[in-house]
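Since the structure comes first, as C-alpha cells, the remarks are kept for the end.
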Protein chains: 2
Amino acid sequence: MKIGELAARTGCPVETIRYYEREGLLPEPARSSANYRLYAEPHAERLRFIRHCRTLDMTLEEIRTLLDYHDRPRQPCNAVNGLIDDHLAHVEARIEQLQALREALATLRSRCNGETDSSHCGILQELAQPTPRELTAETGEPSHVPGPHRG
Amino acid sequence: MKIGELAARTGCPVETIRYYEREGLLPEPARSSANYRLYAEPHAERLRFIRHCRTLDMTLEEIRTLLDYHDRPRQPCNAVNGLIDDHLAHVEARIEQLQALREALATLRSRCNGETDSSHCGILQELAQPTPRELTAETGEPSHVPGPHRG
DNA sequence: GAAACACCCTGTAGCCACTACAGGGTCAAG
DNA sequence: CTTGACCCTGTAGTGGCTACAGGGTGTTTC
C-alpha cells in the first residue's frame, strides 16, 4: 500500500509518517518504480504501536526504547515496567500541577468585582503582584508533561 | 539597574528577559554609554506580571492581551474575565485528558505479569493493538494546555 | 598597567513533535 | 491533453525558551 492508504488506515497524517521514518521509528519501506513508498502490514502494526504510545503522551525517545524491546524480545521486560511507571509518575505530577493551577485561576477569577473600567479590575491588580511562592517553587525533577496549550 | 540585577530580583533568566523584549512584551529600556540595558522599577513590575501569568500557563499571546488592558485601563474589563474563563476551561479540559491518560497507563501497567522475557510482555502486546477509540476521539476544540513532557 | 574575571552585547541555532509549504514528478479518468 | 489526486524532497515555521559563538565593558587584584 502507498503512504496515503497507510495514513487512512492508521489515522496518522502522511507528513507525520515520513517524519517518523526520518526519526528512525519506522524502517524505510520498499519503493515503487515511481519512487513511491510501499508499505506492508508490519509497517501498519508498528505505526499503530507508535500512535498508541503517542496518545499516551510518551515522547518519541520513550517510544524508541519500547520499540527496542519489541524488536529484541529476548531482553527482560523489567525496564518496560520501569518506563511505564516513570511515565505514569510524570503524568500524575502534571495533574497535580494543573490542579493547583486551576485553584489559582479560580481564585484569580473571583477577584473581578464587575467594575466596567479595567483600571479597577482586581484580576489585573492581582497579576501585578509577585508570583506566590507555592507556584514558583521548584518541584524536584522536571515533569516532562506539557501544560495547557496544545493544538 | 542592569539586566542581571533585574533577573535576580524577578527570578527570570537574563536570556528570557531579552526574549520578552524581542517579543514586545517588555518595552525597550534605556541604555548606558556601554550599551547596557538600564531598567527601572516599572520594568520589574511588568516582568513580574508576565512571569506570574506564565506560572498560570498562559501563552505569551494571552499575556499580551492582558498587558493591553493593563496599559489602556479605560477599556471595560469583561474581556479580562473572558480570557481567564477560557484559560480555566483549557486547564480543566487538560486535567480531564490527563486523568484519562493516567487510567490508561495504569491499566497498561497491570498487563505485565512478571515474565522475564519481553516477547511475552503484556504491555508490549497491548501497545501493539490499535489505539482504543476513547483515546483517539477528537475532543472538540484543541486544548492548548501542554501534556506531560516539559523541562 | 596588565591580566583575570564577571558581566554585558548581538545573532544564531537548537529543543520537541510535528505542520505547512514550495516546487516538482506520476498516474488514471474524462 | 488536461485536470486532479496523489506522491516526492527539502526547508521553514510553531512556542517559549535555552545555549552557544564571538565579541565588548568594567572592576579587582597583582
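Chain letters run A, B, ... following the sequence lines, proteins first, then strands; residues in each count from 1.
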- Message: Going by ring-ring contact (aromatic ring centres under 6.0 Å, His included), name the residues that satisfy it together with A/F49, two or more places apart in sequence or in a different chain.
- Response: A/H70
Specify the separation, in whole Å, of atom [atom1] of [X] and atom [atom2] of [N].
| X | N | atom1 | atom2 | value |
| --- | --- | --- | --- | --- |
| B/L25 | D/dC17 | CG | C1' | 12 Å |
| A/D57 | C/dC18 | CG | P | 10 Å |
| B/I3 | C/dC9 | CD1 | P | 5 Å |
| B/E61 | D/dG15 | CD | C1' | 11 Å |
| B/Y39 | C/dC7 | OH | P | 16 Å |
| A/E23 | C/dT19 | CD | P | 14 Å |
| A/E5 | D/dA5 | CD | P | 18 Å |
| B/K2 | D/dG26 | NZ | C1' | 7 Å |

- Note on the structure: Angle separating the five-pair end axes of the helix from C/dG1-D/dC30 to C/dG30-D/dC1, nearest 10°, is 30°
- Task: Using only side-chain N and O atoms of B/R37, determine if any of them is under 4.0 Å from OP1 or OP2 of C/dC9.
- Result: yes
- Task: Give a yes/no answer on whether the side chain of B/R54 brings an N or O atom under 4.0 Å of OP1 or OP2 in D/dG15.
- Result: no
Can you give the donor-acceptor pairs under 3.5 Å from side chains of residues 32-41 of chain B to other protein atoms, not counting sequence neighbours?
residue : atom : partner : partner atom : Å
B/S32   : OG   : B/A34   : N            : 3.1
B/S32   : OG   : B/Y36   : N            : 3.1
B/R37   : NE   : B/E21   : OE1          : 2.8
B/E41   : OE1  : B/R9    : NH1          : 3.2

- Heavy-atom pair with the smallest gap, counting every atom of A/C53 and A/L66: SG-CD1, 4.0 Å
Listed partners of [X] passing side chain to side chain contact (heavy atoms under 4.5 Å, CB included), at least two apart:
| X | value |
| --- | --- |
| B/T107 | B/R111 |
| A/D71 | A/R46 |
| A/L88 | A/E92, B/R102, B/L105 |

- Item | side chain to side chain donor-acceptor pair (under 3.5 Å) against A/Y20, all qualifying residues, sequence neighbours excluded | A/R51
- Hey, does A/L67 have a side-chain heavy atom less than 4.5 Å from the side chain of A/I50? yes
- Task: Taking the side chain as every heavy atom from C-beta outward, state whether A/V91 and A/R94 have any atom pair closer than 4.5 Å.
- Result: no
Could you go over nucleotides 21-24 of chain D and give all protein N or O partners under 3.5 Å, atom names and distances?
residue : atom : partner : partner atom : Å
D/dG24  : N2   : B/Y36   : OH           : 2.9

Taking only N/O atoms, report every protein-nucleotides 18-20 of chain D pair under 3.5 Å with atom names and distance.
residue : atom : partner : partner atom : Å
D/dT18  : OP2  : B/T16   : OG1          : 3.3

- Query: Among all residues two or more places apart in sequence or in another chain, which pass the salt bridge (Lys or Arg N to Asp or Glu O under 4.0 Å) test with B/D86?
  - Reply: none
- List for me each residue that meets salt bridge (Lys or Arg N to Asp or Glu O under 4.0 Å) alongside A/R64, sequence neighbours excluded, and say none if there are none. A/E23, A/E61
- Tell me which nucleotide among D/dG16, C/dC9, C/dC18 gets nearest to the side chain of B/T59. D/dG16
